[in-house]
Protein chains: 2
Amino acid sequence: MAPAPLTPLGYALLGLVHQQPRSGYDLRRLFESTPMAYFSSSPGAIYPALDRLERGGFVAGRVDARQPLRPRKVYEATSKGAEALRAWVTKPVVHEDLVRREGELDLRFAFLGGIGGPADSRRFLERLATEIDAEVRRLEQHLAGMRAVATLHGRLALESGIELYKARARWARRALRHFDTGARRGPRRGRKP
Amino acid sequence: MAPAPLTPLGYALLGLVHQQPRSGYDLRRLFESTPMAYFSSSPGAIYPALDRLERGGFVAGRVDARQPLRPRKVYEATSKGAEALRAWVTKPVVHEDLVRREGELDLRFAFLGGIGGPADSRRFLERLATEIDAEVRRLEQHLAGMRAVATLHGRLALESGIELYKARARWARRALRHFDTGARRGPRRGRKP
DNA sequence: GTATGCATGTAATACGTTACATGATTGT
DNA sequence: ACAATCATGTAACGTATTACATGCATAC
């Protein structure tokens, strides 16, 4: 049942080769030159990770032996890989995603675009906003409880965390407008009256 | 020269035992029950990390053999540990801290309270805000450049990142008011006219 | 002929995760 | 008698990091 969960890097690579076939070098450059720099572009991370994905049957690589240079190995997602990716991006957002896997959230949402429908995007964003609200309440209670004991810096650091969560929730609710029920396409105009 | 850099967990533990002597179990509970849950409370992470800190001379542990239970081992920071901690928290914030070590920023700032003076806090926050501004400019340029090619979800995900950075910069500038030059103490009243 | 870019990889090391082990005390 | 709490640890495993290795093609 539990289908061998991948690492964040594994999902990132899987999602990218699912968008379009790419070589290890393509992926490295992507991590170097785009805001995905969150992931390491080091070959010692990427090539072994691609191997694991291939051995696990999530991606298939074929050697592109066009004459000039050292041959590229181009990967694409298998149906098993696509399924694992779908499961990952559509999985309900839970509390742990907020505190230990913050970085994955944007990635999951970005990949969700090519995979799910507007209903999936709505579910993701609504759930995200709800979980954040709950976490903000917890943090504010903690902050209230420590008012007396904690240092100024401790309180400020916690407030920083709270502000970041609030900003993310605002973003989620704004993004939701792009997936309004009944909207045929795009963010144009207000919601159905 | 380069004094064997510690891991994030290592710095977290070091900073906490620098505040006051604590046992491994104290630290585990802290990670379980406070917003520091970002760090794992698993014994397989904490006890080995404390060992490494002790072997490296950053902390010193002594067994607290008060009768009742299994004896606690209570750690406190050595002067070498305090120095390493000071170096870490006062180190200028750089671009890489933003993208690959976001989680450490709040921690560094929180510990800075017990270590540096208001001038250190100002430097930290000003530098942080400046680095964020630069990163936001980069991201917005990237967003502008991908307008045409990228998907709605990709653009929204990037906007999320931008919003989070902006929220952090706002927080930093607000927090700065607590460390105004000439202010004797606390955030009371506006800045010197 | 030297550096840079394309393109793949390996080796050593250290670290975190999960799960398990141990054992005493207190509460029901 | 059993569970929970205090308290410390170990073992197996997988993975990321850093640094190195290789080799051809093109540009200066």
Side-chain angles (χ1 to χ4, degrees), chain A residues 2 4-14 17 21-33 36-56 58-59 61-75 96 99-101 103-104, chain B residues 2 4-14 17 21-33 36-56 58-59 61-75 96 99-101 103-104:
Chain A
L6 306 178
T7 63
L9 175 60
Y11 283 116
L13 296 172
L14 177 56
V17 303
R22 296 184 209 255
S23 70
Y25 194 71
D26 291 338
L27 294 159
R28 292 188 58 198
R29 273 180 321 184
L30 220 73
F31 291 162
E32 265 168 21
S33 65
M36 297 198 62
Y38 168 73
F39 292 100
S40 164
S41 68
S42 100
I46 287 177
Y47 291 110
L50 284 170
D51 279 352
R52 288 193 297 270
L53 286 173
E54 191 172 27
R55 283 201 307 271
F58 299 99
V59 303
R62 69 204 139 74
V63 173
D64 177 4
R66 286 173 318 193
Q67 62 273 42
L69 305 168
R70 186 162 169 173
R72 295 157 43 85
K73 193 167 175 188
V74 177
Y75 294 91
E96 231 211 330
V99 296
R100 311 273 321 253
R101 283 197 275 278
E104 285 180 44
Chain B
L6 306 178
T7 64
L9 175 60
Y11 283 117
L13 296 172
L14 177 56
V17 303
R22 296 185 209 254
S23 71
Y25 194 70
D26 291 338
L27 294 159
R28 293 188 58 198
R29 274 181 320 185
L30 220 73
F31 290 162
E32 265 169 21
S33 65
M36 296 198 63
Y38 169 73
F39 292 99
S40 163
S41 68
S42 100
I46 289 176
Y47 291 110
L50 285 170
D51 278 353
R52 289 193 297 271
L53 286 173
E54 191 172 26
R55 284 201 307 271
F58 299 99
V59 304
R62 68 204 139 75
V63 173
D64 176 5
R66 285 172 319 193
Q67 61 274 44
L69 305 166
R70 185 163 172 173
R72 295 156 43 86
K73 193 168 176 188
V74 178
Y75 295 91
E96 230 211 329
V99 296
R100 311 272 324 253
R101 284 197 275 277
E104 285 181 44

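Chain identifiers are assigned alphabetically (A, B, ...) following the order of the sequence lines, protein sequences preceding nucleic acid strands; residue numbering begins at 1 within each chain.
- In this entry the distance linking CZ of R72(B) with C1' of dC6(D) reads 9 Å, nearest Å.
- In this structure Y75(B) satisfies the ring pair (Phe, Tyr, Trp, His ring centres under 6.0 Å) test with no other residue, sequence neighbours excluded.
- Taken from CG in L50(A) to NZ in K73(A), the straight-line distance is 8.5 Å, to the nearest 0.5 Å.
- Between the C1' atom of dC6(D) and the CG atom of D64(B) lies a distance of 13 Å, rounded to the nearest Å.
- Evaluated for a side chain to side chain contact (heavy atoms under 4.5 Å, CB included) with L13(B), the options L6(B), L53(B), T7(B) yield exactly one hit, L53(B).
- Residues forming a side-chain hydrogen bond (donor to acceptor under 3.5 Å, both in side chains) with D51(B) (at least two apart in sequence, or on another chain): none.
- Checked against side chain to side chain contact (heavy atoms under 4.5 Å, CB included), P43(A) has the following partners two or more places apart in sequence or in another chain: R28(A), Y47(A).
- Distances shown here put every side-chain N or O of R52(B) at or beyond 4.0 Å from the OP1 or OP2 atom of dA14(C).
- As a whole-Å value, the separation of Y25(B) OH from dC6(D) P is 4 Å.
- Annotation: proximity of residues 37-46 of chain B to DNA chain C (heavy atom, distance under 4.0 Å) is found for S40(B), S42(B), G44(B), A45(B), numbered in ascending order.
- The side chain to side chain contact (heavy atoms under 4.5 Å, CB included) search around R22(B) returns L16(B), V17(B), Q19(B), Q20(B), D26(B), L27(B), L30(B), not counting sequence neighbours.
- Atom-to-atom, CZ of R29(A) to C1' of dG5(C) comes out at 10 Å; the value is rounded to the nearest Å.
- Here the nucleotide nearest the side chain of Y75(A), chosen from dC6(C), dG9(C), dT8(C), is dG9(C).
- You'll find that the side chain of T7(A) is closest to dA16(D), out of dA16(D), dT10(D), dG9(D).
- Every residue two or more places apart in sequence or in another chain that forms a ring pair (Phe, Tyr, Trp, His ring centres under 6.0 Å) with F31(B) is listed here: F39(B).
- If D26(B) and R100(B) are placed on DNA chain D by their nearest nucleotide, the residue sitting closer to the 5' end is D26(B).
- Rounded to an integer number of Å, the gap from CD of E32(A) to C1' of dC6(C) is 12 Å.
- In this structure, R22(B) atom CZ and dA7(D) atom P are separated by 14 Å, rounded to whole Å.
- One finds a side-chain N or O of Y47(A) lying less than 4.0 angstrom from the OP1 or OP2 phosphate oxygen of dT8(C).
- A straight line from CG of L53(A) to P of dT15(D) spans 10 Å, rounded to a whole angstrom.
- Regarding L27(B), its CG atom lies at a distance of 14 Å from the P atom of dG16(C), rounded to whole Å.
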